[in-house]
Number of protein chains: 2
Amino acid sequence: MFSQSAEYALRAVLLLAESGQRKGGRQIAEELDVPANYLSKILMQLCRQGVLDSQKGWGGGFELAKKPGEIRIGAVVGPFEGSETPRDCILGSDRCGDDDPCALHSYWKQIKTIYEMMTERITVADLVRPTARR
Amino acid sequence: MFSQSAEYALRAVLLLAESGQRKGGRQIAEELDVPANYLSKILMQLCRQGVLDSQKGWGGGFELAKKPGEIRIGAVVGPFEGSETPRDCILGSDRCGDDDPCALHSYWKQIKTIYEMMTERITVADLVRPTARR
DNA sequence: CTTTCATCGGATATGACTATCCGTTGAGTC
DNA sequence: GACTCAACGGATAGTCATATCCGATGAAAG
């Protein structure tokens, strides 16, 4: 469901939220065991989206730009989802709609609803483990 | 969620179930408005999976290999999903499990459950419209 | 047997996503 | 100011899903 990039982004943001401090891109990649150079571009993208702040030079790195409770999951994974966001009908046709649903439509609508809950209601703060924070 | 190929496969099978008769690959592609040559390979794959039967030569084409009620949705879309099938954890890590779930885990598990219901419980017969059949 | 039709299936092209490499820039240390 | 560190960002390569083209094969019609 999430693209590889979106998954990396979410895990990186979670790591930063748990540590609560600035971390270098290379260190994040090592802790997550993901490609460093690839993750680098993802982190930069998150900076452009306003999710992260970056600091160059000695002692630099990335940190959350807002409080964890103000960062929705959708803001983290959204830039890496392209058009993978659930469509109206899983068959992508004009066959079914809310007024005249096919048998798959009801199932699909449930999935869409849960997905939207995940991306729009849940924040990074909700995902941080009690053992690490709060 | 479904790949493009899986969507084509499902729509083609639905079309065949509704018509109840053999149809040529080119005709199916035209009625669904999808690439004919691409769909051709999908239909062939469905034959190898035992979902469809094919007949070569004049008057040939594709038809369902079983009754619509005996064809689960998973059997149609499964061969085209690769590893897009929902994994245990949406983050793909060993961080969370049923015993120690993260906040996303519960949402993800719901989506997985509904998805499995769709692919394992629903059959082609359930999707055929009342207007066309039954 | 020749023609026609449609499945079969190899070869190839395209684009997006993923991934790697490396030079540049800016910031702090010495 | 020279050095070092780490974020920037362009260039490139591999992989996979998607898509197209076209010849080979098999079957029915004439």
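Here is the naming used below: chain letters follow the sequence lines, and residue numbers restart at 1 for every chain.
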5'-most contact on DNA chain D (nearest-nucleotide basis), A:Lys56 vs B:Gly57, goes to A:Lys56
Would you please confirm or rule out a distance under 4.0 Å between OP1 or OP2 of C:dT18 and any side-chain N or O of A:Tyr38?
yes
Any side-chain N or O of A:Tyr8 below 4.0 angstrom from OP1/OP2 of C:dT18?
no
What integer distance in Å separates B:Gln55:CD from C:dC5:P?
17 Å
Using modelled atom types and a 3.5 Å cut-off, is there a donor and acceptor pairing between side-chain atoms of A:Asp33 and backbone atoms of A:Glu30?
no
Tell me, do B:Trp108 and A:Met1 make a side-chain contact under 4.5 Å, heavy atoms counted?
yes
Is the phosphate of D:dA6 approached by A:Ser40 (side-chain N or O, under 4.0 Å from OP1 or OP2)?
no
Does A:Ser54 put a side-chain nitrogen or oxygen below 4.0 Å from OP1 or OP2 of D:dA6?
no
Would you mind reading off the distance between A:Gln27 atom CD and D:dC5 atom C1', rounded to a whole angstrom?
14 Å
Looking for any heavy atom pair under 4.0 Å, which part of the strands does A:Arg48 touch: base, sugar-phosphate only, or nothing?
sugar-phosphate
Length of the line joining A:Leu46:CG and D:dC8:C1', which is rounded to integer Å
15 Å
Side-chain atoms of A:Met44 come closest, of D:dA28, D:dT18, D:dG9, to D:dG9
Charged N to carboxylate O below 4.0 Å: is that the case for A:Glu31 and A:Lys23?
yes
Closest nucleotide of DNA chain C for B:Arg26 versus for A:Gly59: which of these residues is on the 5' side?
B:Arg26
Taking NZ, NE, NH1 and NH2 as the nitrogens, is one of them in B:Glu7 or B:Arg11 under 4.0 Å from a carboxylate oxygen of the other?
yes
Among the nucleotides C:dA11, D:dT18, C:dG28, whichever has the atom closest to the side chain of B:Lys41 is C:dA11
Between C:dA19 (P) and A:Leu32 (CG): distance, integer Å:
13 Å
Just the rounded figure in Å: distance from P of C:dC17 to CD of A:Glu81.
11 Å
Euclidean distance, atom CD1 of residue B:Ile42 to atom P of C:dT7 [Å, nearest integer]:
14 Å
Rounded distance in Å - CG (B:Asp53) to P (C:dC8):
10 Å
Regarding the side chain of A:Trp58, the nearest nucleotide among D:dC22, D:dC5, C:dA19 is D:dC5
For B:Asn37 and C:dG10, what is the distance between atoms CG and C1' respectively, to the nearest whole Å?
13 Å
Trace of the side chain to side chain contact (heavy atoms under 4.5 Å, CB included) decision for A:Leu104 with B:Leu10
CA-CA 11 Å; A:Leu104 277 189; B:Leu10 189 52; 3.6 Å; yes
